[in-house]
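Report on the structure given below.
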Amino acid sequence: MPTRRTKLPHSFYNRPTLQVAEQLLGKVLVHRTPSGIASGMIVEAEAYIGEDDPACHAAPGPTRRNVPLYGPPGIAYVYLNYGIHYLVNAVTEADGHPAAVLIRALAPVGGVVLMHARRGAHVAGRDLCRGPGNLTKALGIALSENQLDLVSSRLTIEDCGCRVPGVSWGPRIGIRVGVEHPWRCWMTGHPSVSGRVIK
DNA sequence: AGCAAGATTAGC
DNA sequence: CTAATCTTGCTA
């Protein structure tokens, strides 16, 4: 019998963001579209916490773009980065407290054929959802998925009962401010973790 | 109104 | 190393 998958409840996200980030590792991000269902296990995530975190989108205060961060936990925050890539976050902590976990990499679980169709047939399996912009493309996540409820919408995060063998922590990558916080976590040694070095 | 920078990626 | 491409927030 396959392990029963259960959607993570809102209470899962209504906790300190670092704790949510670590516990999201091993969980499965699922997107159901008319084209089919695609899913992947989260292997890398970063925490962005409050207006005092210079790298958090909430740093300038509330704006039209970052309003989801100020809303209730368990909601998706999707935005366009560099004008090209969509990045997906899970909003955390109590309503009114802006914080979120950025999903940076997945290990493909289901819908691999669909992922190849979206990303290109030449892409290696371990690279299909490697990197925050790549995984949204593979799962078909765009601005239309912004503010979806991760508990009850077509975009969900589920617990498959997977055990995480090891977790590593380090500085967040791809940012120029806030690098002093070791708020990036990943499954130690997993091949789908984005290991890009930023100068 | 104009401009620089940004939680990235692919290609040369 | 650099282009691609668009929203935000600051300056004028």
Side-chain angles (χ1 to χ4, degrees), chain A residues 13 16-18 20-22 24-25 29 38 40 42-71 73 75-93 97-108 115-148 150 155 157 168-187 191-199:
Chain A
Y13 304 94
T17 304
L18 292 176
V20 176
E22 173 157 356
L24 276 177
L25 298 180
L29 180 64
I42 299 170
V43 300
E44 182 186 1
E46 285 178 356
Y48 289 87
I49 311 172
E51 296 181 348
D52 292 333
D53 174 4
C56 182
H57 277 191
T63 67
R64 189 184 219 166
R65 178 202 232 185
N66 68 23
V67 280
L69 292 176
Y70 289 83
I75 302 297
Y77 168 48
V78 183
Y79 72 96
L80 181 62
N81 180 249
Y82 290 100
I84 307 175
H85 307 289
Y86 298 107
L87 273 59
V88 62
N89 301 251
V91 176
T92 60
E93 312 218 13
H97 185 196
V101 173
L102 168 70
I103 311 299
R104 289 195 56 91
L106 310 173
M115 292 183 188
H116 274 292
R118 288 168 172 153
R119 294 234 30 222
H122 61 286
V123 177
R126 66 176 53 180
D127 293 331
L128 277 174
C129 303
R130 183 170 185 262
N134 288 333
L135 74 90
T136 54
K137 188 174 182 184
L139 265 60
I141 297 172
L143 284 185
S144 48
E145 278 65 48
N146 191 23
Q147 301 199 64
L148 286 183
L150 292 173
L155 181 65
I157 300 180
S168 300
W169 285 89
R172 294 172 293 183
I173 60 180
I175 55 176
R176 306 211 172 183
V177 291
V179 290
E180 67 275 17
H181 299 122
W183 288 351
R184 169 175 175 251
C185 62
W186 65 93
M187 276 195 204
S192 288
V193 171
S194 68
R196 197 145 164 265
V197 179
I198 308 296
K199 83 177 184 77

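Throughout, a chain's letter reflects where its sequence line sits, starting with A, and its residues are numbered from 1.
A heavy atom closer than 4.0 Å to some atom of DNA chain B occurs in A:Tyr82, A:His85, A:Leu87, A:Asn89, these being the qualifying members of residues 82-89 of chain A.
Nearest nucleotide to the side chain of A:Arg119, out of B:dA10, B:dA7, B:dT9: B:dA10.
Sorted by first then second residue, the salt bridge (charged side-chain N to carboxylate O under 4.0 Å, His left out) pairs that include residues 47-56 of chain A, not counting sequence neighbours, are A:Asp53-A:Arg172.
What separates CD1 of A:Ile175 from P of B:dA5 is a distance of 17 Å, to the nearest Å. As rounded to whole Å, 14 Å separates atom C1' of B:dG6 from atom CD of A:Glu46. A straight line from CD1 of A:Ile141 to P of B:dT8 spans 16 Å, rounded to a whole angstrom. Rounded to an integer number of Å, the gap from A:Tyr79 OH to B:dA5 C1' is 13 Å.
Listed by first residue number, the stems of DNA chain B with at least three Watson-Crick or G-U pairs below 3.5 Å are B:1-6 with C:6-11, B:8-11 with C:1-4.
Within the 4.5 Å cutoff, the side chain of A:Thr136 has no heavy atoms near those of the A:Leu87 side chain.
Partners of A:His97 under the ring pair (Phe, Tyr, Trp, His ring centres under 6.0 Å) rule, at least two apart in sequence or in another chain, do not exist in this structure. A:Tyr86 is linked by a ring pair (Phe, Tyr, Trp, His ring centres under 6.0 Å) to nothing, counting only residues two or more places apart in sequence or in another chain.
The backbone N or O of A:Ser194 lies less than 3.5 Å from a partner atom in the side chain of A:Glu44, making a donor-acceptor pair. Side-chain atoms of A:Ser192 come within 3.5 Å of backbone atoms of A:Arg126 as a donor-acceptor pair (strictly under, hydrogens ignored). Counting only distance, with no hydrogens or angles, the side chain of A:Arg119 and the backbone of A:Asp127 share a donor-acceptor pair below 3.5 Å.
OP1 or OP2 of B:dA10 lies within a sub-4.0 Å distance of a side-chain N or O belonging to A:Asn134. Remark: A:Arg176 is not in phosphate contact with B:dT8, judged by side-chain N or O atoms under 4.0 Å from OP1 or OP2. Within the structure, a side-chain polar atom (N or O) of A:Arg104 is placed less than 4.0 Å from OP1 or OP2 of B:dT8.
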Between protein and nucleotides 7-12 of chain C, map the contacts as a letter string: B base, S sugar-phosphate only, - none, heavy atoms under 4.0 Å, written 5' to 3'. -SS---

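Atom-to-atom distance recorded for A:Lys137:NZ and A:Arg118:CZ is 11.0 Å, nearest 0.5 angstrom. How far CG of A:Leu29 is from CG of A:Leu106: 5.5 Å, rounded to the nearest 0.5 Å. Taking OG of A:Ser168 as the start and CD of A:Glu22 as the end, the distance is 10.0 Å to the nearest 0.5 Å. The CG atom of A:Asn146 sits 9.5 Å away from the CG atom of A:Asn89 when rounded to the nearest 0.5 Å.
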